[in-house]
Amino acid sequence: MTPRLRVVTVLGVLAATAVLAACAPKAPGTEGAAGQEVADPTLTIATTTDVVNFNPLVGNSRSDYWITNLMYPHLLSIGPDGQKAPELAEKWGYVDDTTGFFELKPGMTWSDGKPLTAKDVAYTLNAVKKDAPAGTLYGQLTNFASAKAVSDTRVEIKLSKPDASLIPEIGFWGNVVPQHVFEPAGSVAKFANDGKNGGWVSAGPYVLKTVQRGQSYTMERVDNYPLVAGGKPKAAKVIYRVYPDVNAEILSLKNGDVDAIANTLPPAQVKNLKSTAGITVEEVAGLGYAHLTYNMTKPALAKKEVRQALAQTVDYNAIRKVVLQDQAVSTGSSPIMPVLKTFYDDSLTEYVYNPDAARKLLEQAGYAADGSGKFPLTFRLIYSLQDPVTTQWANLVKDGAAKAGVTIQLQGLERNTYLAKTNAGDFDIYAGNFAIMDDPATNMALTYLPKGAINYSYVDDPQLNALIDKARVTFDQKEQVPILQQAAKLVHDNVYDNVMYTQNLYVAHRSEWSGFAVKPSELLSIVNPISLASATKSGSK
């Protein structure tokens with residue numbers, strides 16, 4: 001492969017914060033109170049889950065992500081169009097096919113006064129590669145060899161082999177942690193980072209101060225935060241308050257007990273909240289998808305005909321219309337999102353809802369129905385009770401399977417239990433969603449390669465493996481596209497992943513708050529660091 005220089009240059013980090021998604025139209029009377037900006041307000045945000053891991057290199061739940069992201073910066077963020085954008089790094093790219101780099105914004109410090117330098121970045125990446133924590137970043141480091149700080153602001157990355165996605169993906173997914181805090185604690189995979197040894201250290205806009213499990217997480221402003229206009233967050237405190245479910249969150253928002261809801265709204269509530277006085281609804285671009293994954297370590301689900309049959313027992317249109325209120329679109333049962341127009345293959349068509357055809361496939365797989373029309377097939381489907389959308393459509397999936405003579409036992413779980421069972425492979429069918437699938441080559445590597453961090457189907461298809469590996473070392477996008485489309489077709493035809501839809505997302509906040517920087521996906525949304533540091537509250541004159 002011919003070496004080539006690939007550099008992304010950013011003229012100014014602050015320019016990225018100026019791009020705000022447009023607010024949804026407000027109903028009469030929903031405008032915020034006119035007047036001057038409230039000085040040093042407290043921003044209270046609702047969530048439905050506690051933090052499991054305060055170590056950002058391990059955590060993988062939404063609340064983990066939302067809170068640790070406010071302390072441990074990413075090298076890159078993502079823009080409203082899905083393209084990578086600057087955060088801690090001002091420039092990034094490749095010197096050649098096996099050497100990448102990041103140039104950091106100078107003058108960054110941790111909240112204890114120690115400088116944040118390229119040494120922290122190099123330490124973080126090298127430690128994750130060595131200790132293999134269970135977080136998303138480790139899954140991105142397959143072709144990472146080592147990182148070295150060559151100056152206070154420049155870190156260079158050595159790759160074990162060419163990988164066109166490695167630099168942008170580790171930049172986006174990897175939090176940078178303070179070497180002087182994490183290194184003395186030993187393995188980054190085992191470090192709890194629970195604040196017991198003198199509290200937390202932050203290089204984000206806020207630092208965690210008080211934890212009351214099941215109730216709240218209180219964060220205080222870090223006065224020196226140069227990534228936001230003015231160099232200082234507007235709100236003096238951010239408090240995440242834990243609620244049992246989204247209905248309790250919405251009631252508290254309407255009552256003014258919280259200022260915003262972190263998680264996206266159930267589709268049925270969007271119209272109602274848009275017409276509620278004092279509430280603003282923001283639209284968030286979706287970069288992920290909802291899906292059903294069939295555990296191929298189970299003998300029945302290892303049969304292609306069974307997976308194809310199950311795919312034909314789902315009424316996708318009904319789910320999108322009834323549950324999603326037409327706030328979702330089909331991907332053509334493809335794992336590549338339509339918004340990624342360069343890569344998307346519109347020749348792939350969605351699986352057809354046809355219980356009778358599903359029965360014939362099951363008979364071809366060697367199963368016979370009894371006198372009542374039931375096949376000897378029972379599958380346990382797990383889903384998160386904190387996900388109201390999936391909770392609704394899981395029942396439709398069960399009903400559709402029953403029409404084809406297949407029994408599905410629903411197991412709704414508290415979210416952290418659900419995540420644990422997912423990671424352990426303790427399920428027959430997994431129902432859920434991935435929030436951000438931003439790079440097809442990397443996403444397929446994580447989802448479908450044998451050691452992929454989110455390979456919940458446990459697929460190991462040599463042809464698919466070869467295509468994904470080839471795409472990851474193909475730097476020319478025109479050459480990469482047909483490779484990835486072939487891989488997507490294999491996933492589609494073999495039902496290695498039943499991708500059901502990609503959803504348009506909506507979040508809500510009190511109308512007296514403004515200035516949020518909306519970014520794609522539920523993980524970033526209005527609760528990304530730049531957004532919360534920029535949010536202002538207006539009061540009466």
Side-chain angles (χ1 to χ4, degrees), residues 20-27 30 46-48 62 78 80-82 245-247 249-251 253-254 260-276 279-292 314-341 344 346 349-351 353 383-397 399-400 431-438 498-509 511 516 518-528:
L20 306 182
C23 297
K26 301 180 180 68
T30 64
T47 181
T48 57
R62 291 180 303 179
I78 200 166
D81 58 357
D245 54 50
V246 69
N247 293 321
E249 289 180 316
I250 290 172
L251 179 61
L253 182 70
K254 289 181 175 180
I261 297 175
N263 39 284
T264 54
L265 302 171
Q269 293 283 3
V270 171
K271 184 177 180 180
N272 172 267
L273 285 173
K274 280 185 176 181
S275 61
T276 300
I279 304 295
T280 295
V281 175
E282 307 266 13
E283 184 171 0
V284 179
L287 281 176
Y289 57 72
H291 62 145
L292 292 166
V314 180
D315 192 338
Y316 305 97
N317 284 326
I319 287 173
R320 290 193 294 267
K321 186 173 184 62
V322 177
V323 180
L324 278 299
Q325 302 285 300
D326 289 322
Q327 294 168 29
V329 296
S330 171
T331 74
S333 298
S334 169
I336 299 178
M337 296 301 94
V339 70
L340 302 174
K341 295 179 181 178
Y344 184 65
D346 59 10
T349 57
E350 184 171 72
Y351 303 132
Y353 171 57
Y383 62 95
S384 169
L385 291 169
Q386 275 72 43
D387 183 344
V389 174
T390 304
T391 298
Q392 291 181 66
W393 61 249
N395 285 284
L396 296 182
V397 170
D399 294 344
N433 54 78
F434 291 149
I436 302 178
M437 303 302 274
D438 62 304
N498 186 352
V499 181
M500 301 167 64
Y501 58 81
T502 181
Q503 185 180 355
N504 302 322
L505 307 174
Y506 296 88
V507 294
H509 59 83
S511 298
F516 294 105
V518 184
K519 295 193 176 186
S521 86
E522 185 177 32
L523 290 182
L524 295 176
S525 181
I526 63 170
V527 293
N528 65 81

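Values in this document were obtained by computation on a predicted structure and should not be read as measured data.
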(message) One pair to check against side chain to side chain donor-acceptor pair (under 3.5 Å): E249 and N263. What are the steps and the verdict?
(response) CA-CA 10 Å; E249 289 180 316; N263 39 284; 2.8 Å; yes
(request) Dump the intermediate steps for side-chain contact (heavy atoms from CB on, under 4.5 Å) on M500 and L292, then the final yes or no. (result) CA-CA 8 Å; M500 301 167 64; L292 292 166; 3.8 Å; yes
(message) Using side-chain contact (heavy atoms from CB on, under 4.5 Å), reason through V507 and I261 one step at a time and then give a plain yes or no.
(response) CA-CA 7 Å; V507 294; I261 297 175; over 6 Å; no
(request) Begin with the C-alpha distance, continue with both residues' side-chain angles, and end with the deciding distance and a verdict on side-chain contact (heavy atoms from CB on, under 4.5 Å) for V518 and E283. (result) CA-CA 8 Å; V518 184; E283 184 171 0; over 6 Å; no
(request) Check the pair M337 / V499 against side-chain contact (heavy atoms from CB on, under 4.5 Å), numbers first and verdict last. (result) CA-CA 10 Å; M337 296 301 94; V499 181; 4.2 Å; yes
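Scanning both residues, A290 and N433, for their nearest heavy atoms gives CA-CB, 3.9 Å. Nearest approach of V246 to P388, heavy atoms of both residues: CG1-CG, 4.0 Å. Between S511 and T280, the shortest heavy-atom distance links the atoms OG-OG1, 2.9 Å. Pairing each heavy atom of P338 with each of T502, the nearest pair is CD-CG2, 4.3 Å. The two residues I279 and A508 have their closest heavy-atom pair at CG2-CB, 4.0 Å.
Using a 4.5 Å heavy-atom cutoff, the side chains of I319 and L324 are in contact. Contact of the R62 side chain with the T47 side chain is not registered, since no non-hydrogen atoms from C-beta on lie closer than 4.5 Å. Taking the side chain as every heavy atom from C-beta outward, H291 and P335 never approach each other to under 4.5 Å. The shortest distance between side-chain heavy atoms of Q327 and V270 falls below 4.5 Å.
Y344 places a side-chain N or O within 3.5 Å of a backbone atom of T331 that can act as its donor or acceptor partner. Side chain of Q386 to main chain of T48: no donor-acceptor pair is present (N/O by atom type, distance under 3.5 Å, no hydrogens or angles). Judged by distance alone, with hydrogens and angles left aside, the side-chain atoms of T264 form no donor-acceptor pair with the main-chain N or O of E522 at under 3.5 Å.
For the atom pair CD of Q503 and CD of Q325, the computed distance is 11.0 Å after rounding to the nearest 0.5 Å. Here S521 contributes atom OG and F434 contributes atom CZ; the two are 14.0 Å apart, rounded to the nearest 0.5 Å. Note: T276 OG1 to L273 CG = 5.0 Å, rounded to the nearest 0.5 Å. With rounding to the nearest 0.5 Å, the separation of NZ in K519 from CD1 in I436 is 10.5 Å.
Partner I78 forms a side chain to side chain contact (heavy atoms under 4.5 Å, CB included) with one of N528, L523, L524 and no other, that one being L524.
Scored by the side-chain hydrogen bond (donor to acceptor under 3.5 Å, both in side chains) test, E350 finds R320, S330 as partners (sequence neighbours excluded). Remark: N498 pairs with Y294, Y316 by the side-chain hydrogen bond (donor to acceptor under 3.5 Å, both in side chains) rule, at least two apart or across chains.
The side-chain hydrogen bond (donor to acceptor under 3.5 Å, both in side chains) contacts involving residues 388-397 comprise D387-T390, W393-Y501, where partners must be two or more places apart or lie in separate chains.
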